[in-house]
Amino acid sequence: MKKVFTKLKSLLPTKRKLIQLYFALLFNANAKGFGEGTIFRGSTKSLCIPGLNCYSCPGAIGACPLGSLQGSFSAGKSTVFYVFGILMLFGLALGRTICGWLCPFGLIQELLFKIKTPKVKKSPVTRLLSYLKYVILAFFVFLVPILYAFKDTPLPAFCKYICPAGTLEGGISLLSNKLNESYFAMLGPLFTWKFLLLVSFVVGCVFVFRLFCRFFCPLGALYGFFNRISFVGVKVDAPKCTNCDLCVHKCKMDIKKVGDAECISCGECVDVCPTGAISWKGVPKKKSLPEDAAAGDKKKAKFITRCVSAVLMIALLAGVFVYAWNDTGDQPGDVSSEAGSEESSSSIPYGNQVGELCYQGELFAVDGNGVSETAIDVIEEGKITVINFWGTWCTPCVNELPYFDRIATEYEGSVSVAAIHTNMVANTASGYIAQHYPDSKIRFACDGAGEAYYNTLGGRGTYPYTVVVDENGVIAAVFVQALEYEELQEIVETLLAD
């Protein structure tokens with residue numbers, strides 16, 4: 001019976017696994033996003049979470065720090081300082097303890113490693129490979145995005161070409177929802193590359209402990225610079241240390257000594273140290289009870305502390321879950337207050353699907369000088385209206401914008417093109433327009449708070465997104481993908497011929 005009990009106990013998750021699971025749930029508390037196949041766009045999306053968790057994950061309630069960092073280079077000095085400040089705060093407070101305890105993708109890697117197979121042990125080769133993530137940090141997170149920022153063409157290189165969390169949590173999570181079947185039309189060679197890369201990481205993590213974290217993750221590389229000075233982490237009491245190196249041999253990471261840049265502060269070394277030389281820094285030492293205090297009193301105090309902590313954590317998780325569930329943003333129909341009265345006099349209902357009347361929107365115009373105080377009506381009466389939702393940070397959006405400019409010029413008398421910039425980084429639109437489209441016939445505008453008009457017309461969190469409206473205000477086509485000029489011209493010519 002004792003052996004059975006010991007076996008069952010070994011199957012229970014450790015305290016660290018429970019904390020990892022808790023923060024994975026906390027950072028992805030938008031549970032309804034998985035059912036609806038949409039991306040959460042509440043106010044917390046402007047805040048960075050500490051670990052690697054894709055912005056495009058349907059459950060994510062915060063922004064990924066790596067994605068925010070790459071995007072900040074094209075979004076102005078204030079955004080750069082904000083993101084760097086947040087990352088420095090995380091690093092100084094926790095260092096790579098974030099990797100070991102708070103990172104959702106770190107938890108996924110560790111669960112994969114639990115699959116029973118022969119394992120690749122650490123060696124001088126794995127230690128050498130651990131430096132690769134610093135190369136990725138320098139090149140894909142800093143150098144390439146900064147170079148493209150000078151061209152006013154944001155390129156989050158790491159997110160676009162490497163990040164497996166984005167493919168798994170964002171791409172596959174959205175594509176697996178039946179409501180997003182139209183997204184498959186957007187897939188191309190880049191997604192194929194990212195998917196194959198994800199499969200390689202997943203398979204590799206079965207055999208190599210935290211393969212992505214150890215060799216490829218630039219966020220871990222960044223936090224590693226703070227490990228020695230972070231407030232929380234593990235430390236060694238030199239006088240007690242006998243240099244037995246048991247801690248180094250026990251550790252699955254490529255550390256040379258406890259607390260260096262490769263250490264994720266998992267705490268296993270604390271348990272195996274024979275002299276008690278390794279302890280947690282930033283954690284106050286427990287006050288020893290008087291000798292006459294019963295062992296039961298100690299257990300009771302420990303039990304109460306754990307219960308209070310658990311209640312507070314569960315309350316926080318429940319609060320965030322309720323917040324995300326109720327933060328629905330602007331719903332269809334909220335943009336135009338006149339829609340209801342107009343609908344009563346028409347046999348065609350308002351909506352965001354083909355064949356329904358398109359909601360009108362009054363948005364502030366944007367030009368090379370900034371956001372204007374003048375509001376424009378997005379839909380021009382008597383004209384075919386092409387409404388394109390875009391962002392300077394979105395490479396497919398930027399690549400297809402010349403096609404919209406060409407349509408606006410060639411069909412100026414009969415077609416109106418409105419390019420609505422997302423409000424996520426709207427301050428980048430003006431500079432881009434001034435450099436590339438100073439005399440364009442496109443009517444540029446910026447979306448409202450919470451991307452109200454985008455939501456109203458059925459946007460589901462991906463860009464570019466285009467809605468074509470006929471001369472009577474009825475939606476004729478919806479494109480959840482990047483367009484070619486010929487596709488756009490074909491729908492325009494068809495509407496003009498009717």
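As the structure is a computational prediction, the values presented were derived from the model and not from experiment.
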* If you round to the nearest 0.5 Å, how far is CG of N227 from OG1 of T97? -> 6.5 Å
Anything under 3.5 Å between a donor and an acceptor, one on a side chain of residues 306-317, the other on a protein residue two or more places apart or in another chain? List them.
residue	atom	partner	partner atom	Å
S309	OG	T305	O	2.9

* To do: Give a yes or no answer on whether the side chain of Q109 reaches the backbone of F212 with a donor-acceptor pair at less than 3.5 Å.
  => yes
* Which is it for Y134 and F225 under the ring pair (Phe, Tyr, Trp, His ring centres under 6.0 Å) test, yes or no, and what are the steps along the way? -> CA-CA 10 Å; Y134 297 97; F225 293 127; 5.7 Å; yes
* Asked: Is there a donor-acceptor contact under 3.5 Å from the side chain of R214 to the main chain of F209?
  -> yes
* Point-to-point distance, once rounded to the nearest 0.5 Å, from NZ of K160 to CG of L190 -> 6.0 Å
* Is a side-chain donor or acceptor of R228 paired with a backbone partner of D260 at a separation under 3.5 angstrom? -> no
* Asked: Step by step, would you call K119 with F113 a side-chain contact (heavy atoms from CB on, under 4.5 Å)?
  -> CA-CA 8 Å; K119 305 300 180 183; F113 189 71; 3.4 Å; yes
* Asked: What heavy-atom pair brings V141 and F73 nearest, and what distance separates the two atoms?
  -> O-CE1, 3.3 Å
* Asked: Can a donor-acceptor pair be found between the side chains of E400 and N388 at a distance below 3.5 Å?
  -> yes
* Structure fact -> Nearest heavy-atom approach of G370 to S430 is N-OG, 2.9 Å
* **N/O donor-acceptor pair under 3.5 Å between K32 side chain and N326 backbone** => no
* Quick one: does F158's side chain get under 4.5 Å of L66's, heavy atoms only? -> yes
* To do: Please assess Y465 against I387 for the test side-chain contact (heavy atoms from CB on, under 4.5 Å), listing each intermediate value before the final yes or no.
  => CA-CA 8 Å; Y465 179 66; I387 307 169; over 6 Å; no
* Does some side-chain heavy atom of L168 sit less than 4.5 Å from a side-chain heavy atom of V202? -> no
* Do F27 and F105 have ring centroids that are under 6.0 Å from one another? -> no
* Asked: Distance-only, no hydrogens or angles: does the Y223 side chain make a donor-acceptor pair with backbone N or O of P50 under 3.5 Å?
  -> yes
* Got a donor-acceptor contact below 3.5 angstrom from the N177 side chain to the F34 backbone? -> yes
* Asked: So, does Q435 use its side chain to make a donor-acceptor pair with the main chain of G431 at under 3.5 Å?
  -> no
* Asked: Looking at A24 and L107, what are the two nearest heavy atoms and their distance?
  -> CB-CD2, 4.3 Å
* To do: With side-chain contact (heavy atoms from CB on, under 4.5 Å) as the test, would you mind laying out the steps for T422 and F389 before giving the verdict?
  => CA-CA 7 Å; T422 170; F389 294 93; over 6 Å; no
* Please tell me if the side chains of F321 and L25 come closer than 4.5 Å, counting only heavy atoms from C-beta onward. => no
* Flag side-chain contact, heavy atom, 4.5 Å: K114 against E110 -> no
* **Gap separating the SG atom of C213 from the CG atom of L211, nearest 0.5 angstrom** => 10.0 Å
* **Closest non-hydrogen atom pair between I442 and A419, with its separation** => CG2-CB, 3.6 Å
* For C99, does its backbone N or O pair with a side-chain atom of R210 as donor and acceptor, under 3.5 Å? -> yes
* Asked: Just wondering, do E362 and I376 contact through their side chains at under 4.5 Å, heavy atoms?
  -> no
* Structure fact -> Tightest non-hydrogen contact, residues P164 and L198, listed as O-CD1, 3.7 Å
* Asked: Which value, rounded to the nearest 0.5 Å, describes the distance between K281 atom NZ and S279 atom OG?
  -> 10.0 Å
* Asked: Yes or no on side-chain contact (heavy atoms from CB on, under 4.5 Å) for M253 and S130, after CA distance, side-chain angles and deciding distance?
  -> CA-CA 9 Å; M253 300 295 286; S130 67; over 6 Å; no
* Structure fact -> Taken in chain and number order and not counting sequence neighbours, the residues that satisfy ring-ring contact (aromatic ring centres under 6.0 Å, His included) with F90 are none
* Spell out, as yes or no, whether a donor-acceptor pair under 3.5 Å connects the side chain of Q70 to the backbone of A157. => yes
* F216 versus F201: any side-chain heavy-atom pair under 4.5 Å? -> yes
* Is any side-chain N of the basic residue among K133 and E262 closer than 4.0 Å to the acidic one's carboxylate O? -> yes
* Knowing that exactly one of L401, I420, T466 qualifies, which makes a side-chain contact (heavy atoms from CB on, under 4.5 Å) with W390? -> L401
* Quick one: pull up CD1 in I475 and CD in E356 and give me the separation to the nearest 0.5 Å. => 6.5 Å
* To do: State the CZ-CH2 distance between R96 and W101, to the nearest 0.5 angstrom.
  => 15.5 Å
* Asked: Taking T44 for the side chain and I61 for the main chain, is one N or O donor matched with an acceptor at less than 3.5 Å?
  -> yes
* Over-ring placement of K45 relative to Y55, 6.0 Å and 45° cut-offs -> yes
* Asked: Between P65 and C48, what is the shortest heavy-atom contact and its length?
  -> CA-SG, 4.1 Å
* **Pairwise side-chain contact, I229 with L92, heavy-atom cut-off 4.5 Å (strictly under)** => yes
* Within-4.5 Å side-chain heavy-atom neighbours: Y437 and Y432 -> yes
